[in-house]
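Just so it is clear, the model here is predicted, and its values are computed rather than measured. Note that these values count all heavy atoms, side chains included, but never hydrogens, waters or copies made by symmetry. In what follows, chains carry the letters A, B, and so on, assigned in the order in which the sequence lines appear, proteins first and then strands, with residues in each chain numbered from 1.
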Amino acid sequence: MREPPGPCGCQKCARVGNNAAVPPRVRFAPSPTGYLHVGGARTALFNWLFARRHGGTFVLRIEDTDVQRSSADMVTGILDGLRWLGLDWDEGPEVGGAHGPYFQSERLDRYRAAAARLVAGGHAYDCYCSPERLRDEREKAEARGEAWQYDRACLSLPPERRSELERAGAPRAIRFKVPETHAAFDDVVHGPIAFDPRAIEDFVILRSDHHPTYHLSVVVDDVEMRITHVIRGDDHISNTPKHLLLFEALGAVPPTFAHVPLILGGDKKRLSKRHGATSVTEYRRQGYLPAAMVNFLALLGWSPGDDRELMSVEELVASFSLEGISGGNAVFNVEKLDWMNGQYIARLPARELAGAVAPLLRDAGFAVPADAAWWYRLLDLLRPRARRLTDFVELARPFLVDTVEYEPAAVEQHLRAPDVAAHLEALAAALGTADPFDEPHVEAAVRGTAAERGIKAGVLIHATRVALTGRTTSPGLFEIIVILGRDRSVARIERLVNFLAMRNARGIS
RNA sequence: GUCCCCAUCGUCCAGAGGCCUAGGACGCGGCCCUUUCAAGGCCGAAACCCGGGUUCGAAUCCCGGUGGGGACGCCA
């Protein structure tokens, strides 16, 4: 029996009720208690790709029910991170939408109403147990090497005891009464997962300060925001049975779940600060291109099913499917990210590259060259040598300063040949008459000079590189002579000749 | 400790019973190109965790072990 295709012609769009296929609604729900972590960014990316692939809606919801630890700055940072990656949201902060508000701190009345409904329906009950008592019980159990579950002390409180507590002003939380039904679901990436409900304690859904816990708010919002697919981190698998139970108690059809594996550091431990950068802001600062970051993150735990590696956002959207997500955790491999970033730098249009490098140049105290054509040509010479945007500052330095510094290693390695100064003077003269001043003629001048003076071209080339850049490495010599131009090239060669003369005079050779 | 998830080169993935002499990419080694450094091209080393089943046939299915990870809060 074939099911009707979804709105985008595929079989994967959500089916709500009997058989009406609707475009999927997915959400990314970060907690603003920290910056946007690369793991969170990848979860957001998978949600976004899924929504775009199926013509669905990507909702951004801020889970700021932890008043103490949440901050507005973190919200800004997360939004900036998502925008930098190009993950635009259809509903959420700043854009609004029909299912708002999108900050949980503005939806507290809904959670309280839902909790009251659950109590009224016999799915939840008031709990007056003090946090101290619960903590003690847990510690005692732990000392015995056992796990402790809430003992349902408040499940059936005698009315007189209850009014006594109320009169005494005892803080009251609300706990969900976990039923004995089996909690099982079919995870899109993991397959069937079943839990024994006896392993789930009666968890708190509304704190004594009348704020919801995560379990309540996430389910209430997913219901009210009509979320069809929950794509989130693996670490939520063990929470899912609680959520399933809540969906049921609330009389709602649960969404489809897809739990994506975690991102680990080189030691296979959960990625954290000691592994290096973990926030997307940090990668941005380090000179990674958003397109490279997206490509890399997409391939971390997901594959299009073939051997493609370099994929544009359009290709990712066209190929994305939840079934392509692998079940195992993935190690964040910076070397591969570096390679990929280099690939994107190599392919970036000159204008865009120049735009991306400009702020870095200014930060380093350089003015962006006024001659755009010249600057683009220079960038083209440098780009195959760059892996990060930040590399361009050092690569470009010799071409932006008035006077180059001679690196000791360059002086030692390439200026030892006999009569280098004389050879360089001859080259300066030859360059003075090269016409036109282009690569073939410059090359002819260099090779011709070497031949006339009976030395190997390499000797002259290396010495000249030191004169022009002060370094042992650079783009091809003929290319850099041309880009520096006749006057600057000749001047730099003559300056090195003088430098060598002074050094000889001081007998330092 | 209990529950859950996972298991292919060092790393990220391909593989959905015969197409596997296990494929691609990063990284690594070599060669080519070459004025250096890159980039690029070519070549190479490198893996199915172990043990039982099922099957004519298993990297692929089942069970057990081992290993790794995650969750066990009035955090999210």
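Ser303(A) comes within contact range of the sugar-phosphate backbone alone, with a heavy-atom separation under 4.0 Å but no base atom that close. The residue Pro304(A) sits apart from the nucleic acid: no heavy atom pair falls under 4.0 Å. As judged by a 4.0 angstrom heavy-atom cut-off over every strand, Arg135(A) is placed among residues making no nucleic acid contact.
Residues passing the salt bridge (Lys or Arg N to Asp or Glu O under 4.0 Å) test with Arg383(A), sequence neighbours excluded: Asp380(A). Applying the salt bridge (Lys or Arg N to Asp or Glu O under 4.0 Å) rule to Glu166(A) yields the partners Arg172(A); only residues at least two apart in sequence or on another chain are considered. Residues satisfying the side chain to side chain contact (heavy atoms under 4.5 Å, CB included) criterion with His236(A), sequence neighbours excluded, are Tyr214(A), Arg232(A), Asn239(A), His259(A). Not counting sequence neighbours, the partners of Phe203(A) by the ring pair (Phe, Tyr, Trp, His ring centres under 6.0 Å) test are Phe176(A), His215(A). Scored by the side chain to side chain contact (heavy atoms under 4.5 Å, CB included) test, Ser303(A) finds no partners at all (sequence neighbours excluded).
Near-neighbour residues of RNA chain B inside residues 293-301 of chain A, defined by a heavy atom below 4.0 Å, number-ordered: Leu299(A), Leu300(A), Gly301(A).
Distance from the side chain of Ile193(A) is smallest to C5(B) among C5(B), G24(B), A76(B). Relative to the side chain of Thr473(A), the nucleotides C37(B), U35(B), A76(B) differ in distance, and C37(B) lies closest.
If Glu309(A) and Thr65(A) are placed on RNA chain B by their nearest nucleotide, the residue sitting closer to the 5' end is Glu309(A).
In this structure, Arg112(A) places its CZ atom 14 Å from C1' of C74(B), rounding to the nearest Å. In this structure, Met340(A) atom CE and U11(B) atom C1' are separated by 13 Å, rounded to whole Å. For Trp302(A) and A25(B), the CH2 to C1' distance is 15 Å, given to the nearest whole Å. Rounding to whole angstrom units, CG of residue Asp307(A) and C1' of A25(B) are separated by 8 Å. Atom pair His462(A):NE2 and U34(B):C1' shows a separation of 10 Å (rounding to whole Å applied). In this structure, the CG atom of Asp306(A) is 13 Å from the P atom of A25(B), given to the nearest Å. Between the CZ atom of Arg308(A) and the C1' atom of C12(B) there is a distance of 16 Å, rounded to whole Å. Rounding to whole angstrom units, NE2 of residue His190(A) and C1' of C6(B) are separated by 8 Å.
U11(B) is paired with A25(B) under the criterion used here, namely a Watson-Crick or G-U wobble arrangement in which both key atom distances are under 3.5 Å. A71(B) is paired with U2(B) under the criterion used here, namely a Watson-Crick or G-U wobble arrangement in which both key atom distances are under 3.5 Å. C42(B): Watson-Crick or G-U partner is G30(B), with both key distances under 3.5 Å. The base-pairing partner of C19(B), taking Watson-Crick or G-U wobble contacts with both distances under 3.5 Å, does not exist among the strands shown.
Ser326(A) has a side-chain polar atom (N or O) that falls below the 4.0 Å cut-off from OP1 or OP2 of C13(B). Phosphate contact (OP1/OP2 of C3(B), side-chain N/O of Arg198(A), threshold under 4.0 Å): absent.
Sorted by first then second residue, the salt bridge (charged side-chain N to carboxylate O under 4.0 Å, His left out) pairs that include residues 293-310 of chain A, not counting sequence neighbours, are Asp306(A)-Arg308(A), Glu309(A)-Lys336(A). Evaluation of the salt bridge (charged side-chain N to carboxylate O under 4.0 Å, His left out) test over residues 181-197 of chain A, restricted to residues two or more places apart or in two chains, returns Asp196(A)-Arg198(A). For the salt bridge (charged side-chain N to carboxylate O under 4.0 Å, His left out) condition, no pair includes a residue of residues 456-468 of chain A, sequence neighbours left out.
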Distances under 3.5 Å between nitrogen or oxygen atoms of protein and nucleotides 47-51 of chain B:
none

Pairs: protein N or O with nucleotides 69-72 of chain B N or O, under 3.5 Å:
{"unit_1": "G69(B)", "atom_1": "OP1", "unit_2": "Lys269(A)", "atom_2": "NZ", "d": "2.3"}
{"unit_1": "G69(B)", "atom_1": "O2'", "unit_2": "Asn329(A)", "atom_2": "ND2", "d": "2.8"}
{"unit_1": "G70(B)", "atom_1": "O3'", "unit_2": "Arg270(A)", "atom_2": "NH1", "d": "3.4"}
{"unit_1": "A71(B)", "atom_1": "OP1", "unit_2": "Arg270(A)", "atom_2": "NH1", "d": "3.0"}
{"unit_1": "A71(B)", "atom_1": "O4'", "unit_2": "Ser238(A)", "atom_2": "OG", "d": "3.3"}
{"unit_1": "A71(B)", "atom_1": "O2'", "unit_2": "Ser238(A)", "atom_2": "OG", "d": "2.6"}

Identify the pairs formed between an N or O of the protein and an N or O of nucleotides 26-29 of chain B at a distance under 3.5 Å, and give each distance.
{"unit_1": "C26(B)", "atom_1": "O2'", "unit_2": "Glu335(A)", "atom_2": "O", "d": "3.4"}
{"unit_1": "C26(B)", "atom_1": "O2'", "unit_2": "Lys336(A)", "atom_2": "N", "d": "3.2"}
{"unit_1": "G27(B)", "atom_1": "OP1", "unit_2": "Arg387(A)", "atom_2": "NH2", "d": "3.3"}

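The pair Arg69(A)-Asp66(A) meets the salt-bridge criterion, since a charged nitrogen lies less than 4.0 angstrom from a carboxylate oxygen. Contact check on Glu412(A) versus Arg416(A) returns no salt bridge, with no Lys/Arg side-chain nitrogen under 4.0 Å from an Asp/Glu carboxylate oxygen. The pair Arg397(A)-Glu394(A) counts as a salt bridge, with a side-chain nitrogen and a carboxylate oxygen less than 4.0 angstrom apart.
Remark: Arg162(A) fails to qualify as a cation-pi partner of Tyr128(A) under the 6.0 Å distance and 45° angle criteria applied to the six-membered ring.
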